[in-house]
Amino acid sequence: MNPSESDIPFKPGLAAAGIPMRDGIWQCLDASQVQGSNARYMRMYDRLARWYDLGERWIGRLLYGRSIARMRRELMASLPWQPGCRALYVSIGTGMDLASIPADLNAIRLIGADLSQGMLCRCRAVWARKARLELVRCQAEELPFQDGAFDIVFHVGGINFFSDPAQAVREMLRVARPGAALLIADETAEHIERQYKRSLFTRRDFRDARFDLSAIESCIPPGVLNRRTRLLWQGRFYCITFSKEGARPCNPA
């Protein structure tokens, strides 16, 4: 498939130059150029991709019961899902949150972006036949999409340790249409200390990690509308919702 034939609003220059596809995933990233925290966590998620869903499904349920699923539903219910809207999920991972979207997935134009090829491959294997979904390998700090292309832009998990979270937020706002709804969510410092720094699978990658929620909040520019920060899942997760200035989004609820 050529980029011009896909449902993805790629930047015109990229589309004209041609974008390679591997394993059914558009390749807008040269992995050898990924640096800093992004490089560390790209390698970690590539390593964990095969077992990621299994670990959350069984180990997560053993530790937390069904509370993770309830938290995912609460996150997805924070966004104005409507048929025909185009949504971008930044750092889609294996796509577990898609099951919690309160809408017909075949009536929404979903695009998932992530820098881990392993996680994207797992996402495609699970969701390719269940949703109207296309996947793109890229960094959040350099999204390959047109300005104002999406009615919903959301990110769950990862921004705490992006190489440049402020640039990632600027990019999410750039590709959002005026009035679009945005959501940014990730683990709080308490959960990082208790879970990721102690887990056999992740403690090596998180041993020196430091996180301050106010640093993420400061990445969001003052011009956004309806900004709200909430703590979910008994304080283990934060959720920041806001909308881009301008006209209202596609068929809002």
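We use all heavy atoms of the structure for the numbers below, so side chains are in, but hydrogens, waters and symmetry mates are not.
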*Would you check, one step at a time, whether the test side-chain contact (heavy atoms from CB on, under 4.5 Å) holds for Gln117 with Arg22?*
CA-CA 9 Å; Gln117 181 74 6; Arg22 179 158 60 94; 4.0 Å; yes
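- Atom CG of Leu48 sits about 13.0 Å away from atom CZ of Arg43, to the nearest 0.5 Å.
- Among all heavy-atom pairs drawn from Gly112 and Leu120, the shortest one is O-CD2, 4.4 Å.
- Between Ile240 atom CD1 and His155 atom NE2 the span is 10.0 Å, to the nearest 0.5 Å.
- Gly93 approaches Asp114 most closely through the heavy-atom pair N-OD2, 2.8 Å.
- Note that OG of Ser243 is 12.5 Å distant from CZ of Arg177, once rounded to the nearest 0.5 Å.
- Remark: Arg50 CZ is loosely packed, at most 12 non-hydrogen atoms of other residues, nucleotides or ligands lying under 6.0 Å away.
- Between the side chains of Gln167 and Glu142, no donor-acceptor pair of N or O atoms lies under 3.5 Å.
- Note that the CD atom of Glu187 and the CZ atom of Phe211 stand 9.0 Å from one another [nearest 0.5 Å].
- The two residues Ile159 and Asp186 have their closest heavy-atom pair at N-OD2, 3.2 Å.
- Residue Glu141 comes nearest to Asn38 through the heavy atom pair OE1-ND2, 3.0 Å, listed as atom of the first residue, atom of the second, then distance.
- The residues Arg86 and Asp151 are annotated as not salt-bridged, no charged nitrogen and carboxylate oxygen being separated by less than 4.0 angstrom.
- Applying the 6.0 Å contact sphere to CD of Gln234 captures no more than 12 heavy atoms from other residues, nucleotides or ligands.
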*asked:* Would Val224 and Leu173 count as a side-chain contact (heavy atoms from CB on, under 4.5 Å) here? Give the steps.
replied: CA-CA 9 Å; Val224 302; Leu173 277 165; 4.1 Å; yes
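- Both Leu231 and Ile184 belong to a common hydrophobic cluster when Ile, Leu, Val, Met, Phe, Trp and Tyr are linked at side-chain heavy-atom distances under 4.5 angstrom.
- The shortest distance between side-chain heavy atoms of Cys28 and Arg137 does not fall below 4.5 Å.
- Side-chain contact between Met96 and Arg72 is present, with heavy atoms from C-beta onward closer than 4.5 Å.
- You'll find the side chain of Val169 reaches within 4.5 Å of the side chain of Pro221, heavy atoms only.
- Atom CG of Leu79 sits about 7.0 Å away from atom CZ of Phe154, to the nearest 0.5 Å.
- Note on Ile8: it does not cluster hydrophobically with Leu115, by side-chain heavy-atom contacts below 4.5 Å among ILVMFWY residues.
- Put simply, the side chain of Pro178 does not reach to within 4.5 Å of the side chain of Glu245, judged on heavy atoms.
- The closest side-chain heavy-atom distance from Ile216 to Pro165 is below 4.5 Å.
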*Checking salt bridge (charged side-chain N to carboxylate O under 4.0 Å, His left out) for the pair Arg47/Asp205: CA distance, chi angles, key distance, verdict?*
CA-CA 12 Å; Arg47 185 179 76 245; Asp205 298 286; 2.9 Å; yes
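- When side chains are defined from C-beta on, Leu182 counts as touching Lys244, because their heavy atoms get closer than 4.5 Å.
- A donor-acceptor pair is defined here as one N or O able to donate and one able to accept, closer than 3.5 Å; such a pair exists between the side chain of Thr188 and the backbone of Arg236.
- When the side chains of ILVMFWY residues are joined at heavy-atom separations under 4.5 Å, either directly or via intervening members, Leu183 and Ile68 end up in a single hydrophobic cluster.
- For Phe150 and Tyr89, the ring centers sit 6.0 Å or farther from each other.
- Inter-residue side-chain proximity for Cys239 and Thr229 is flagged as unmet; no heavy-atom pair is nearer than 4.5 Å.
- Cluster membership check: Leu29 does not share its hydrophobic cluster with Val136, using side-chain heavy-atom separations under 4.5 Å among Ile, Leu, Val, Met, Phe, Trp and Tyr.
- Residues Phe161 and Met42 fall into different hydrophobic clusters, defined by Ile, Leu, Val, Met, Phe, Trp and Tyr side chains chained together at heavy-atom separations under 4.5 Å.
- Considering all non-hydrogen atoms of both residues, Cys121 and Ile25 come closest at N-CD1, 3.6 Å.
- Once rounded to the nearest 0.5 Å, the distance linking CG of Leu110 with CZ of Arg132 reads 9.5 Å.
- A heavy-atom distance below 4.5 Å is not found between the side chains of Phe162 and Tyr41.
- Checking side-chain atoms of Glu134 against main-chain N and O of Ile111 turns up no donor-acceptor pair under 3.5 Å.
- Annotation: Phe145 is not in aromatic contact with Trp26 [ring centroid separation under 6.0 Å not met].
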*Check step by step if side-chain contact (heavy atoms from CB on, under 4.5 Å) holds for Thr241 and Arg227.*
CA-CA 6 Å; Thr241 51; Arg227 175 174 165 175; over 6 Å; no
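- Salt bridge annotation for Glu74-Arg230: present, with a cationic side-chain nitrogen under 4.0 angstrom from a carboxylate oxygen.
- Heavy-atom minimum distance, Pro144 versus Cys138: CD-SG, 3.6 Å.
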*May I have the step-by-step check of side-chain contact (heavy atoms from CB on, under 4.5 Å) for Ile92 and Val90, ending in yes or no?*
CA-CA 6 Å; Ile92 191 172; Val90 178; over 6 Å; no
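- In terms of the side-chain contact (heavy atoms from CB on, under 4.5 Å) criterion, residue partners of Asp104 (sequence neighbours excluded) are, by chain and number, Asn106, Ala107.
- Distance alone, capped at 3.5 Å, places no donor-acceptor pair between the Thr94 side chain and the Arg122 backbone.
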